[in-house]
Asker: 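Have a look at this one.
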Amino acid sequence: MRVVFAGTPEFARVALEKLHAAGFEIPLVLTQPDRPAGRGMHLQASPVKQWAIAHGVPVAQPRSLRLDGKYPDDAAAARAAIEAACADVMVVAAYGLILPQWVLDAPAKGCVNIHASLLPRWRGAAPIHRAIEAGDPETGVTIMQMDAGLDTGDMLLVEKIAISSQDTTASLHDRLAVLGGRLVVEALELAACGGFHPVPQPPEGPASGITYAHKIEKAESVLDWSLPAAVLERRIRAFNPFPGASSELNGVVIKCWRAEVLPGRPPTAKAGEVLAVGDAGVDVCAADAVLRLGRLQKPGGKPLEVAEFLRGFAIAPGMVFGHAVSER
């Protein structure tokens with residue numbers, strides 16, 4: 001089976017590697033254009049492009065696939081490359097471009113998407129972050145036959161995994177990437193022998209279970225100490241590694257990478273007030289309980305365990321965390 005692969009980040013690279021290892025022929029890879037990254041903001045190839053170059057697979061990097069859009073020449077060149085690849089199927093994983101109908105119709109078996117949620121829950125751009133933020137006990141991967149909607153296609157394979165109380169987006173991402181790679185190989189092997197039993201997603205309605213995982217905005221990462229401690233703790237894990245949960249203290253934006261909830265709070269304490277400081281953590285008052293911060297980072301520094309962080313940054317009881325009003 002000939003597979004055109006469309007994807008960009010590490011999540012997609014894992015699936016591409018699994019497809020290659022399983023013996024599928026990959027005549028073409030589509031990925032996002034190189035982007036500035038790192039301290040020097042030099043152009044950097046995506047993980048998918050890096051893999052493709054290392055394995056001698058042709059790469060296309062259109063800025064858009066819309067033939068009537070802003071970059072019609074890019075789209076036309078991509079169309080020619082896709083048609084020349086004579087693919088049986090296109091596998092899509094966190095590609096980052098909208099696929100117009102001509103792309104969906106190009107391969108004989110259409111386009112198959114690896115989506116990191118249990119559809120129809122968490123359709124959209126950030127399903128891993130949103131599952132942790134919401135306190136979901138489980139998530140998983142859905143292999144979906146793509147249609148013109150936003151993650152609305154028929155479900156081909158679904159597998160669940162538990163979300164632990166220690167999971168961050170980084171740790172959950174890595175487990176879901178491996179699961180996605182395995183499931184898409186299984187899906188294509190089933191497709192080769194006609195073994196699919198597509199399951200339509202439920203229509204929109206109060207009992208449909210449909211939710212949307214909207215893109216993470218940096219402004220969301222600012223900790224609001226008037227919220228319950230458990231909500232803040234989940235956000236800290238959900239925004240690890242990007243964009244990193246933060247709070248301002250004495251004019252300095254501190255990023256918080258790990259926390260735990262302690263029951264109870266002094267009735268007269270302010271939201272965001274530092275109650276205690278020690279090697280075990282910095283205890284901060286939230287709406288209903290105390291949040292103990294265990295791993296912190298100051299601007300220009302690296303994430304540190306609290307005991308080490310406090311040797312270079314003074315925090316004392318009575319100080320009050322507030323909202324970071326700008327990036328520093």
Asker: If I take atom CD from residue Q61 and atom CZ from residue R35, how far apart are they, to the nearest 0.5 angstrom?
Answerer: 9.0 Å

Asker: Out of curiosity, R265 CZ to D288 CG, how far, rounded to the nearest 0.5 Å?
Answerer: 8.5 Å

Asker: Nearest heavy-atom pair of G153 and D147: which atoms, and what distance?
Answerer: CA-OD2, 3.5 Å

Asker: Please evaluate residues F309 and I315 with respect to the criterion side chain to side chain contact (heavy atoms under 4.5 Å, CB included), reporting the C-alpha separation (whole Å), side-chain torsions for both, the decisive distance (0.1 Å), and the verdict.
Answerer: CA-CA 10 Å; F309 180 86; I315 301 178; 4.0 Å; yes

Asker: If you take all heavy atoms of L249 and V320, which pair is closest and at what distance?
Answerer: CD1-O, 3.5 Å

Asker: V261 and W257: same hydrophobic cluster, using ILVMFWY side-chain contacts below 4.5 Å?
Answerer: no

Asker: Determine the minimum heavy-atom distance between S208 and P203, stating which atoms define it.
Answerer: CB-O, 3.1 Å

Asker: Where do L176 and A116 come nearest, in terms of heavy atoms and distance?
Answerer: CD1-CB, 4.1 Å

Asker: Is there a path of hydrophobic side-chain contacts, each under 4.5 Å between heavy atoms, that joins V141 and L188?
Answerer: yes

Asker: Counting C-beta onward and ignoring hydrogens, is there a side-chain heavy-atom pair between Q201 and M144 closer than 4.5 Å?
Answerer: yes

Asker: Any side-chain heavy atom of T142 within less than 4.5 Å of one from I114?
Answerer: no

Asker: Answer yes or no: is there a side-chain heavy-atom contact under 4.5 Å between M90 and V3?
Answerer: no

Asker: Examine L172 and V14 and state if one hydrophobic cluster contains both, with Ile, Leu, Val, Met, Phe, Trp and Tyr joined whenever side-chain heavy atoms are less than 4.5 Å apart.
Answerer: no

Asker: Before giving the answer on side chain to side chain contact (heavy atoms under 4.5 Å, CB included), spell out for K298 and I254 the whole-Å C-alpha distance, their side-chain angles and the decisive distance to 0.1 Å.
Answerer: CA-CA 5 Å; K298 63 184 178 181; I254 305 296; 4.3 Å; yes

Asker: Is Q50 reaching over with its side chain to a backbone N or O of A54, donor-acceptor style, under 3.5 angstrom?
Answerer: no

Asker: Using a 4.5 Å cut-off on heavy atoms from C-beta on, say whether the side chain of L183 contacts that of L179.
Answerer: yes

Asker: Can you find a pair of side-chain heavy atoms, one from L19 and one from F5, that are under 4.5 Å apart?
Answerer: yes

Asker: Just wondering, do K160 and T139 contact through their side chains at under 4.5 Å, heavy atoms?
Answerer: no

Asker: Could you go through residues 277-287 and list every donor-acceptor pair under 3.5 Å that involves a side-chain atom there, pairing it with any protein atom two or more places apart or in another chain?
Answerer:
from, atom 1, to, atom 2, distance (Å)
D283, OD1, R292, NE, 2.7
D283, OD2, R292, NH2, 3.1

Asker: Under the side chain to side chain contact (heavy atoms under 4.5 Å, CB included) rule, what do I236 and C256 come out as? Steps first, then yes or no, please.
Answerer: CA-CA 7 Å; I236 289 169; C256 308; 4.1 Å; yes

Asker: Is it the case that one hydrophobic cluster holds both V4 and V59, taking links as side-chain heavy atoms less than 4.5 Å apart, direct or via other members?
Answerer: no

Asker: With a 4.0 Å cut-off on N to O distance, would you call E305 and R258 a salt bridge?
Answerer: yes

Asker: I'd like to know if the side chain of S46 pairs up with that of T8 as donor and acceptor (distance under 3.5 Å, no hydrogens or angles considered).
Answerer: no

Asker: Any chance the side chains of T169 and N240 put a donor and an acceptor closer than 3.5 Å?
Answerer: no

Asker: Is the CD1 atom of I98 crowded by more than 12 outside heavy atoms at less than 6.0 Å?
Answerer: no

Asker: With distance as the sole test, does R123 use its side chain to make a donor-acceptor pair with the main-chain N or O of D151 at under 3.5 Å?
Answerer: yes

Asker: Compile the donor-acceptor pairs under 3.5 Å between side chains in residues 99-111 and protein atoms, sequence neighbours left out, one pair per line.
Answerer:
from, atom 1, to, atom 2, distance (Å)
Q101, NE2, D105, OD1, 3.0
W102, NE1, L65, O, 2.9

Asker: Are P303 and L296 side-chain neighbours, meaning at least one heavy-atom pair lies under 4.5 Å?
Answerer: no

Asker: Hey, are R234 and E133 close enough for a salt bridge, meaning a charged N less than 4.0 Å from a carboxylate O?
Answerer: no

Asker: Under 6.0 Å from the CD atom of E138, do we count more than 12 heavy atoms belonging to anything else shown?
Answerer: yes

Asker: Does D167 offer a backbone N or O that forms a donor-acceptor pair with the side chain of R237 under 3.5 Å?
Answerer: yes

Asker: Would you say the ring centroid of W122 lies under 6.0 angstrom from that of Y212?
Answerer: no

Asker: Please name all residues satisfying ring-ring contact (aromatic ring centres under 6.0 Å, His included) with W51, sequence neighbours left out, ordered by chain then number.
Answerer: H20, H55

Asker: Any chance you could measure L190, atom CG, to L157, atom CG, to the nearest 0.5 Å?
Answerer: 6.0 Å

Asker: Please report the shortest heavy-atom distance between P317 and L275, naming the atom on each side.
Answerer: CB-O, 3.9 Å

Asker: For residues 80-97, which residue pairs pass the salt bridge (Lys or Arg N to Asp or Glu O under 4.0 Å) check, not counting sequence neighbours?
Answerer: R79-E83

Asker: For residues 22-30, tabulate all N or O donor-acceptor pairs below 3.5 Å that involve a side-chain atom, not counting sequence neighbours.
Answerer:
from, atom 1, to, atom 2, distance (Å)
E25, OE1, R2, NH1, 3.4
E25, OE2, R2, NH1, 2.6

Asker: Going from CD on E308 to CZ on R295, what distance comes out if it is rounded to the nearest 0.5 angstrom?
Answerer: 9.0 Å

Asker: Does the distance from a Lys or Arg side-chain N to an Asp or Glu carboxylate O, for R130 and D136, drop under 4.0 Å?
Answerer: no

Asker: Test: salt bridge (Lys or Arg N to Asp or Glu O under 4.0 Å). Region: residues 42-52. Which pairs qualify, not counting sequence neighbours?
Answerer: D34-K49

Asker: So, taking the atom named CE in M319 and the one named NZ in K270, what distance separates them when rounded to the nearest 0.5 Å?
Answerer: 13.0 Å

Asker: How long is the straight-line distance from OG1 of T152 back to CD1 of I210, given to the nearest 0.5 Å?
Answerer: 9.0 Å

Asker: Could you go step by step and tell me if S64 and K70 meet the side chain to side chain contact (heavy atoms under 4.5 Å, CB included) rule?
Answerer: CA-CA 7 Å; S64 170; K70 188 177 179 181; 6.0 Å; no

Asker: Let me check something: do M146 and V91 share a hydrophobic cluster, defined by ILVMFWY side-chain heavy atoms less than 4.5 Å apart, either directly or through other members?
Answerer: no

Asker: Do R235 and E220 come within less than 4.5 Å of each other through their side chains, counting heavy atoms only?
Answerer: no

Asker: Is the side chain of K218 donor-acceptor paired with the backbone N or O of F242 at a distance under 3.5 Å, no angle test?
Answerer: no

Asker: Provide the closest heavy-atom pair for R63 versus P33 in the form atom of the first, atom of the second, distance.
Answerer: CG-CG, 3.9 Å

